[in-house]
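Shown next, in structure tokens, is the structure this report addresses.
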Amino acid sequence: GPGLGLVAALTAIQLVDAVVRAHTMYHVKRVGIAWQSAMMGAIFRRCLALRGGAATGRLVALASTDSSRWPDSMPALLNAVLLPFWLVFILCTVALWVGVAEALAGVVAACALVLPVKRCGDAMRRAQKAKSEAADARLKRSRELVSGIRAAKLMGCVTQPLLALN
């Protein structure tokens with residue numbers, strides 16, 4: 001389901017991109033042809049204003065060759081105008097990928113550290129349990145010792161007067 005949706009979205013994006021590019025090139029060529037017509041008109045007006053045929057040949061050469069280059073050079077001019085925007089787009093894309101790579105590195109590092117941290121936590125839990133058991137055993141021995149001392153004192157106090165009477 002999601003894969004087919006992504007395929008459909010990518011296909012739609014490519015179709016829209018192709019249509020927009022073709023439409024842009026159409027308008028760019030139209031502007032180039034308009035500039036060519038304007039240039040040819042200016043050259044012909046100049047030819048009509050001149051007297052003599054020497055300069056007219058050069059102007060006709062300008063009209064036929066140089067002015068015909070405008071429609072072909074317009075896409076290059078458009079690319080030159082759009083170059084700063086493309087550079088910004090490329091820089092933003094690179095920055096985005098660097099951020100994604102850093103985030104991915106952090107996720108990989110976190111996943112790689114899960115097992116060692118778990119083992120360290122288990123070792124700390126076992127050490128805490130052993131410490132608690134040792135403290136309980138020490139407390140039990142201390143109670144037994146205190147009980148024994150009390151019993152010995154009690155027996156000593158009881159036997160002491162009996163010995164004195166004999």
Side-chain angles (χ1 to χ4, degrees), residues 1-140:
L4 290 176
L6 288 174
V7 167
L10 286 173
T11 304
I13 288 171
Q14 289 299 320
L15 287 173
V16 168
D17 181 54
V19 169
V20 167
R21 283 180 191 263
H23 193 67
T24 302
M25 282 301 132
Y26 167 74
H27 283 293
V28 165
K29 290 283 190 172
R30 265 183 72 186
V31 169
I33 291 170
W35 282 15
Q36 178 187 13
S37 299
M39 182 180 256
M40 288 176 73
I43 290 171
F44 284 129
R45 276 192 302 278
R46 179 76 174 149
C47 283
L48 292 174
L50 285 178
R51 292 188 188 176
T56 308
R58 186 170 170 226
L59 290 175
V60 169
L62 276 173
S64 65
T65 57
D66 293 339
S67 66
S68 66
R69 292 187 184 144
W70 277 104
D72 298 331
S73 64
M74 287 306 292
L77 182 62
L78 176 68
N79 287 337
V81 169
L82 293 178
L83 181 66
F85 297 107
W86 279 106
L87 290 176
V88 169
F89 173 74
I90 289 170
L91 289 175
C92 290
T93 303
V94 167
L96 179 66
W97 277 109
V98 166
V100 167
E102 289 173 353
L104 187 61
V107 168
V108 168
C111 290
L113 291 176
V114 165
L115 189 61
V117 167
K118 184 183 180 311
R119 287 185 180 167
C120 184
D122 290 344
M124 287 177 62
R125 196 173 307 117
R126 285 191 302 270
Q128 185 67 30
K129 186 176 179 183
K131 179 182 170 188
S132 178
E133 288 173 356
D136 287 346
R138 188 180 66 237
L139 187 61
K140 183 179 175 184

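Everything numeric here is computed off the predicted structure, so don't read it as measured data. Each residue takes its place number in the sequence, starting with 1.
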Task: Side-chain heavy-atom pair Ile33, Met74 within 4.5 angstrom cut-off - done: no
Task: Nearest-0.5 Å distance that lies between atom CD in Gln128 and atom CD in Glu133 - done: 11.0 Å
TODO: May I ask you to decide whether Arg126 forms a salt bridge with Asp122, counting only side-chain N to carboxylate O separations under 4.0 Å?
DONE: no
Task: CG on Leu115 to SG on Cys120, rounded to 0.5 Å - done: 11.5 Å
Open item on the list: Looking at Asp136 and Lys140, is any side-chain nitrogen of the basic one under 4.0 Å from a carboxylate oxygen of the acidic one?
Closed with: no
Task: Contact check, side chains of Leu6 and Pro2, non-hydrogen atoms, under 4.5 Å - done: no
Task: CG-CD1 distance between Asp17 and Ile13, expressed to the nearest 0.5 angstrom - done: 9.5 Å
Open item on the list: I want to check something: taking the side chain as every heavy atom from C-beta on, are Val31 and Leu78 in contact at a cut-off of under 4.5 Å?
Closed with: no
Open item on the list: So, taking the atom named CG in Leu77 and the one named CG in Leu82, what distance separates them when rounded to the nearest 0.5 Å?
Closed with: 9.5 Å
